[in-house]
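Only this structure's heavy atoms are used, side chains among them; waters, hydrogens and symmetry mates stay out.
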Amino acid sequence: MTWPQISYVAEDHKGRIVGYVLAKIEDGSEEQDNNKNGTPTPTHGHVNSISVLRSYRRLGLAKKLMLLSQEAMAGVYKAEYVSLHVRKSNKAAIGLYRDTLGFEVEKVEKKYYGDGEDALSMRLSLKDS
(Lines give C-alpha, C1' and ligand atoms only; values in the text may rest on other atoms or scores of the structure.)
Protein backbone atom coordinates (compact mmCIF):
# COMPACT_ATOMS: atom_id res chain seq x y z
CA MET A 1 0.00 0.00 0.00
CA THR A 2 1.17 3.53 -0.68
CA TRP A 3 0.38 6.80 1.03
CA PRO A 4 1.00 9.58 -1.50
CA GLN A 5 -0.82 12.14 0.65
CA ILE A 6 1.94 12.10 3.27
CA SER A 7 5.07 12.13 1.10
CA TYR A 8 6.32 15.40 -0.39
CA VAL A 9 9.08 16.81 -2.56
CA ALA A 10 10.64 20.28 -2.60
CA GLU A 11 11.67 21.71 -5.97
CA ASP A 12 13.91 24.60 -6.92
CA HIS A 13 12.86 27.34 -9.37
CA LYS A 14 13.81 25.10 -12.30
CA GLY A 15 11.68 22.19 -11.09
CA ARG A 16 14.59 20.09 -9.86
CA ILE A 17 13.93 18.05 -6.73
CA VAL A 18 16.04 19.40 -3.86
CA GLY A 19 14.41 17.58 -0.96
CA TYR A 20 11.82 15.00 -0.01
CA VAL A 21 10.07 13.26 2.85
CA LEU A 22 8.88 9.67 2.47
CA ALA A 23 6.45 8.40 5.07
CA LYS A 24 3.92 5.66 5.69
CA ILE A 25 0.93 4.92 7.88
CA GLU A 26 0.98 1.97 10.24
CA ASP A 27 -2.50 0.70 10.98
CA GLY A 28 -2.90 -0.53 14.53
CA SER A 29 -5.12 -3.41 13.52
CA GLU A 30 -2.16 -5.08 11.81
CA GLU A 31 0.34 -5.02 14.68
CA GLN A 32 0.49 -5.23 18.46
CA ASP A 33 1.90 -2.58 20.75
CA ASN A 34 5.31 -2.69 22.36
CA ASN A 35 3.82 -3.60 25.74
CA LYS A 36 2.95 -7.08 24.44
CA ASN A 37 -0.41 -6.89 26.21
CA GLY A 38 -2.42 -7.66 23.08
CA THR A 39 -3.93 -4.22 22.56
CA PRO A 40 -3.70 -2.76 19.07
CA THR A 41 -1.16 -0.02 18.42
CA PRO A 42 -2.94 3.21 17.47
CA THR A 43 -2.85 4.25 13.83
CA HIS A 44 0.29 6.32 13.41
CA GLY A 45 2.66 7.73 10.85
CA HIS A 46 6.28 6.79 10.39
CA VAL A 47 8.90 8.84 8.55
CA ASN A 48 11.03 6.42 6.55
CA SER A 49 13.33 8.98 4.97
CA ILE A 50 13.88 12.71 4.68
CA SER A 51 16.65 14.44 2.79
CA VAL A 52 17.55 17.91 1.52
CA LEU A 53 20.40 18.62 -0.90
CA ARG A 54 23.38 20.02 0.95
CA SER A 55 23.24 23.35 -0.91
CA TYR A 56 19.59 23.83 0.16
CA ARG A 57 20.02 23.04 3.86
CA ARG A 58 19.39 25.56 6.64
CA LEU A 59 16.58 27.16 4.62
CA GLY A 60 13.73 25.51 6.53
CA LEU A 61 12.90 22.97 3.84
CA ALA A 62 13.17 19.91 6.09
CA LYS A 63 10.93 21.56 8.68
CA LYS A 64 8.35 22.47 6.04
CA LEU A 65 8.40 18.96 4.53
CA MET A 66 7.97 17.38 7.97
CA LEU A 67 5.10 19.71 8.91
CA LEU A 68 3.26 19.02 5.64
CA SER A 69 3.61 15.28 6.17
CA GLN A 70 2.54 15.46 9.82
CA GLU A 71 -0.53 17.57 8.97
CA ALA A 72 -1.60 15.04 6.32
CA MET A 73 -1.02 12.11 8.70
CA ALA A 74 -3.35 13.68 11.24
CA GLY A 75 -5.88 15.11 8.79
CA VAL A 76 -6.19 12.34 6.21
CA TYR A 77 -5.44 9.24 8.29
CA LYS A 78 -6.30 10.44 11.82
CA ALA A 79 -2.86 9.29 13.01
CA GLU A 80 -2.32 9.71 16.74
CA TYR A 81 1.44 10.16 16.52
CA VAL A 82 4.41 10.07 14.17
CA SER A 83 7.61 8.11 14.75
CA LEU A 84 11.04 8.00 13.17
CA HIS A 85 14.54 6.67 13.65
CA VAL A 86 17.67 8.79 13.53
CA ARG A 87 21.34 7.95 13.88
CA LYS A 88 22.60 8.76 17.35
CA SER A 89 25.48 10.68 15.73
CA ASN A 90 23.24 12.88 13.52
CA LYS A 91 23.19 15.95 15.75
CA ALA A 92 21.68 18.25 13.10
CA ALA A 93 18.72 15.96 12.49
CA ILE A 94 18.20 15.36 16.21
CA GLY A 95 18.14 19.13 16.72
CA LEU A 96 15.49 19.52 14.00
CA TYR A 97 13.31 16.74 15.35
CA ARG A 98 13.65 17.50 19.07
CA ASP A 99 14.23 21.23 19.31
CA THR A 100 12.32 22.52 16.27
CA LEU A 101 9.53 19.99 15.81
CA GLY A 102 9.04 18.76 19.38
CA PHE A 103 9.82 15.06 19.02
CA GLU A 104 10.89 13.15 22.11
CA VAL A 105 13.27 10.21 22.35
CA GLU A 106 11.23 7.13 23.11
CA LYS A 107 14.13 4.67 23.30
CA VAL A 108 17.57 3.81 21.95
CA GLU A 109 17.66 0.90 19.52
CA LYS A 110 21.08 -0.70 19.78
CA LYS A 111 22.91 -1.52 16.54
CA TYR A 112 19.87 -0.50 14.47
CA TYR A 113 21.89 0.45 11.39
CA GLY A 114 23.87 -1.94 9.20
CA ASP A 115 27.17 -0.44 10.35
CA GLY A 116 26.28 -1.13 14.00
CA GLU A 117 25.37 2.44 14.98
CA ASP A 118 22.54 2.93 17.46
CA ALA A 119 19.33 4.71 16.50
CA LEU A 120 17.18 7.02 18.56
CA SER A 121 13.54 6.04 18.19
CA MET A 122 11.66 9.34 18.37
CA ARG A 123 7.98 10.15 18.59
CA LEU A 124 5.66 13.16 18.37
CA SER A 125 1.99 13.23 19.37
CA LEU A 126 -0.32 14.50 16.63
CA LYS A 127 -3.32 14.92 18.89
CA ASP A 128 -4.62 18.50 18.79
CA SER A 129 -2.53 19.16 15.66
Taking every heavy atom of I50 against every heavy atom of A62, the minimum-distance pair comes out as CD1-O, 3.7 Å

Please report the closest heavy-atom contact between A79 and G45, naming both atoms and the distance.
CB-N, 3.9 Å

Could you walk me through whether K78 and T43 pass side chain to side chain contact (heavy atoms under 4.5 Å, CB included), step by step?
CA-CA 7 Å; K78 308 299 183 229; T43 298; over 6 Å; no

Using modelled atom types and a 3.5 Å cut-off, is there a donor and acceptor pairing between side-chain atoms of K14 and backbone atoms of E11?
no

Using only atom types and a distance under 3.5 Å, with no angle test, would you say the side chain of D118 pairs donor to acceptor with the backbone of K111?
yes

The reported gap from OG in S83 to CG in N48 (rounded to nearest 0.5 angstrom) is 9.0 Å

Cluster overlap L84 with L68, hydrophobic side-chain contacts below 4.5 Å:
yes

For V21, the option from K64, Q70, M66 that meets side chain to side chain contact (heavy atoms under 4.5 Å, CB included):
M66

R98 vs E104 side-chain heavy atoms within contact, under 4.5 Å:
no

If you take all heavy atoms of M122 and V86, which pair is closest and at what distance?
SD-CG1, 3.7 Å

Looking at every heavy atom in both L65 and Y20, which two are closest together, and how far apart are they?
CD1-N, 3.7 Å

What's the spacing between L120 CG and K107 NZ if we round to 0.5 Å?
12.0 Å

Between V9 and L53, is there shared hydrophobic-cluster membership here, with clusters defined by ILVMFWY side-chain heavy atoms closer than 4.5 Å?
no

First locate atom CD1 of I6, then atom CD of E71, and finally report the distance between them rounded to the nearest 0.5 Å.
13.0 Å

Rounded distance [0.5 Å steps], OH in Y8 versus CG in L61
15.0 Å

Has E117 got a side-chain atom pairing as donor or acceptor with S89's backbone, closer than 3.5 angstrom?
yes

To the closest 0.5 Å, what do you measure between OG (S55) and CZ (R58)?
14.5 Å

Would V47 end up clustered with Y113 when hydrophobic side chains under 4.5 Å apart are linked, directly or stepwise?
no

Heavy atoms, side chains only, cut-off 4.5 Å: are V18 and R57 in contact?
no

Please answer: with hydrophobic residues joined when any side-chain heavy atoms are less than 4.5 Å apart, are V105 and Y97 in the same cluster?
yes

Smallest heavy-atom separation, I94 atom then K88 atom, equals CD1-O, 3.6 Å

Shared hydrophobic cluster for L124 and W3 (ILVMFWY, side-chain gaps under 4.5 Å)
yes

Quick one: do the Y112 and S121 side chains pair a donor with an acceptor below 3.5 Å?
no

Would you compute the distance between atom OH of Y81 and atom CD of E106 and round it to the nearest 0.5 angstrom?
6.5 Å

Report the C-alpha separation of Q5 and I25 in whole Å, then their side-chain angles, then the decisive distance to 0.1 Å, and conclude whether the side chain to side chain contact (heavy atoms under 4.5 Å, CB included) test is met.
CA-CA 10 Å; Q5 302 93 331; I25 293 295; over 6 Å; no

Only one of R123, E80, E26 passes side-chain hydrogen bond (donor to acceptor under 3.5 Å, both in side chains) with H44; say which it is.
E26

